[in-house]
Number of protein chains: 2
Amino acid sequence: MSDFPVSFTGGYSRPVPKPESASLDFAVDRSSPVPLYYQLAQQLESAIEHGRLAPGSLLGNEIELAGRLGLSRPTVRQAIQSLVDKGLLVRRRGIGTQVVHSQVKRPLELSSLYDDLQAAGQSPATRVLRNETEPASAEVAAALGIAEGSEVQVIERLRLTHGEPMAYLCNYLPAELLDLDSARLEETGLYRLMRGAGITLHSARQAVGARTATAEEGEQLMEPEGAALLTMQRTTYDDTGRAVEYGTHIYRASRYAFEFQLLVRP
Amino acid sequence: MSDFPVSFTGGYSRPVPKPESASLDFAVDRSSPVPLYYQLAQQLESAIEHGRLAPGSLLGNEIELAGRLGLSRPTVRQAIQSLVDKGLLVRRRGIGTQVVHSQVKRPLELSSLYDDLQAAGQSPATRVLRNETEPASAEVAAALGIAEGSEVQVIERLRLTHGEPMAYLCNYLPAELLDLDSARLEETGLYRLMRGAGITLHSARQAVGARTATAEEGEQLMEPEGAALLTMQRTTYDDTGRAVEYGTHIYRASRYAFEFQLLVRP
DNA sequence: CAGTGGTCTAGACCACAAT
DNA sequence: TTGTGGTCTAGACCACTGT
């Protein structure tokens with residue numbers, strides 16, 4: 001209950017967060033092309049991350065902060081709001097803005113949950129097993145929201161870490177969307193290629209389940225028949241709401257688990 | 001490529017979205033306690049959801065919209081921004097604001113991924129197997145960010161649908177946090193109880209994996225030994241960043257899969 | 001009561017995209 | 001060049017929290 005890092009200034013009132021923890025040297029550069037609210041947000045985030053703003057400490061009111069920085073209150077609010085959205089700050093009416101009592105400072109960039117896997121530094125490698133177009137099956141057409149029989153690009157890949165298979169990935173993309181070079185796929189990852197082609201990924205709908213391995217799956221993934229597998233189907237949408245990718249993935253449960261962060265919508 | 005529901009007004013230019021799709025009857029009630037930007041956001045969302053604003057259609061510029069509604073531009077922007085954050089609208093500089101080309105209109109309230117399960121209408125039932133306090137183990141203490149040996153509330157539950165077990169749930173909460181009545185737990189769900197106690201859930205860190213069932217697990221869940229199980233560990237945080245719950249759950253993979261939506265952070 | 005964030009206004013200038 | 005969203009300002013009043 002009383003885990004605030006408080007420094008008492010006198011009196012016997014209950015250990016309320018010190019009303020002022022902000023004598024930090026924030027400053028904005030008006031000649032920079034970076035928006036002012038964004039500069040401030042970055043400085044606040046950095047101060048929180050490096051512990052210069054302690055968890056639970058108050059930020060000082062917005063008007064005073066605006067005055068000190070030579071900014072208007074709406075600009076300061078925009079900066080603070082962006083950090084509230086990130087879960088680093090909490091605002092309470094009549095109280096003030098405080099730094100979260102965090103454990104999870106960095107909510108983990110769950111950009112794709114897949115690049116994460118790749119970025120997780122397990123010396124990953126990819127073997128492209130198949131890369132060609134075919135007419136969309138009913139399942140794929142439904143997932144991508146296109147007509148059955150339309151040409152789609154099919155990619156089958158084996159993901160390896162430390163020389164051992166970890167996952168089998170099968171992805172479908174609308175054929176006109178992108179030129180997919182197998183060599184580049186093996187080194188860069190599908191999502192990065194799509195971003196590089198000017199596609200702005202926005203959201204993904206996923207389903208994660210489990211089942212036991214068939215004999216063939218076991219052979220491909222170097223697991224015994226009957227071993228537990230994690231399965232995942234995902235449809236990814238760009239910022240205009242168009243489906244740009246559908247995939248069915250199989251992971252060796254002995255070597256991989258999904259980790260992610262959920263944000264509760266207010 | 002040309003899937004806009006365009007009505008040509010003459011000329012042979014390429015089928016660009018009609019510059020104006022907004023002759024709808026938006027109106028705000030200034031005597032209402034509901035914020036103006038929120039009223040507008042709701043009306044826009046409703047219009048999108050019911051198809052009165054077609055996917056891909058333009059919204060008309062902010063200033064004109066503001067004038068038509070008797071609102072200031074920042075207020076209109078705030079309304080639009082909230083829908084952009086929800087993924088219903090896309091803004092493009094120099095172009096305008098358009099309705100997303102969506103498949104996934106309702107990004108699905110992934111409030112807890114657990115109430116979802118309960119709300120999914122599978123006539124769920126819960127049997128509380130255990131509900132008492134004990135000293136925190138090292139694992140639990142680490143997950144909750146409290147001292148090892150602190151008292152924690154332990155809840156073991158069996159989740160049933162259609163009279164058959166679907167999941168085994170074990171949860172740990174800081175002991176002072178909440179009074180948990182077993183009877184209420186069986187009818188209401190843990191998350192709803194926490195919200196009812198004034199706890200504002202904010203985010204959760206999850207790990208999802210798979211393994212095969214042991215003999216005892218099989219017996220408890222009515223699965224054969226060696227069946228595939230989905231496992232989940234989760235720590236939930238409130239809006240001040242304090243861990244308020246840690247749980248380890250086991251699901252019958254034959255009867256359950258996780259579904260959720262990821263948002264790509266810009 | 002005083003102090004905080006929540007909302008709202010009426011302007012302004014800029015950067016970018018299309019024509 | 002025109003029109004769009006992106007940013008910013010300097011005020012204002014209200015609702016809520018604490019004393």
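The chains referred to below are lettered A, B, ... by the order of the sequence lines, with proteins before strands, and numbering in each begins at 1. Both backbone and side-chain heavy atoms feed into the values below; hydrogens, waters and symmetry mates do not.
- Summarising the geometry, the separation between CG on B:L58 and C1' on C:dA18 is reported as 13 Å, rounded to the nearest angstrom.
- Within the structure, side-chain hydrogen bond (donor to acceptor under 3.5 Å, both in side chains) contacts touching residues 31-41 of chain A (residues at least two apart or in different chains) are A:D29-A:S31.
- Residues forming a side-chain hydrogen bond (donor to acceptor under 3.5 Å, both in side chains) with A:S82 (at least two apart in sequence, or on another chain): none.
- Not counting sequence neighbours, A:D238 has no partner by the salt bridge (Lys or Arg N to Asp or Glu O under 4.0 Å) test.
- Listed by chain and number, the residues in a salt bridge (Lys or Arg N to Asp or Glu O under 4.0 Å) with A:R92 are B:D239 (sequence neighbours excluded).
- Partners of A:Q81 by side-chain hydrogen bond (donor to acceptor under 3.5 Å, both in side chains), not counting sequence neighbours, listed by chain and number: A:D85, A:R91.
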Check your understanding: Could you run down nucleotides 4-11 of chain C 5' to 3' and tag each one B, S or - for protein heavy-atom contact under 4.0 Å?
Key -> BBBBSBB-
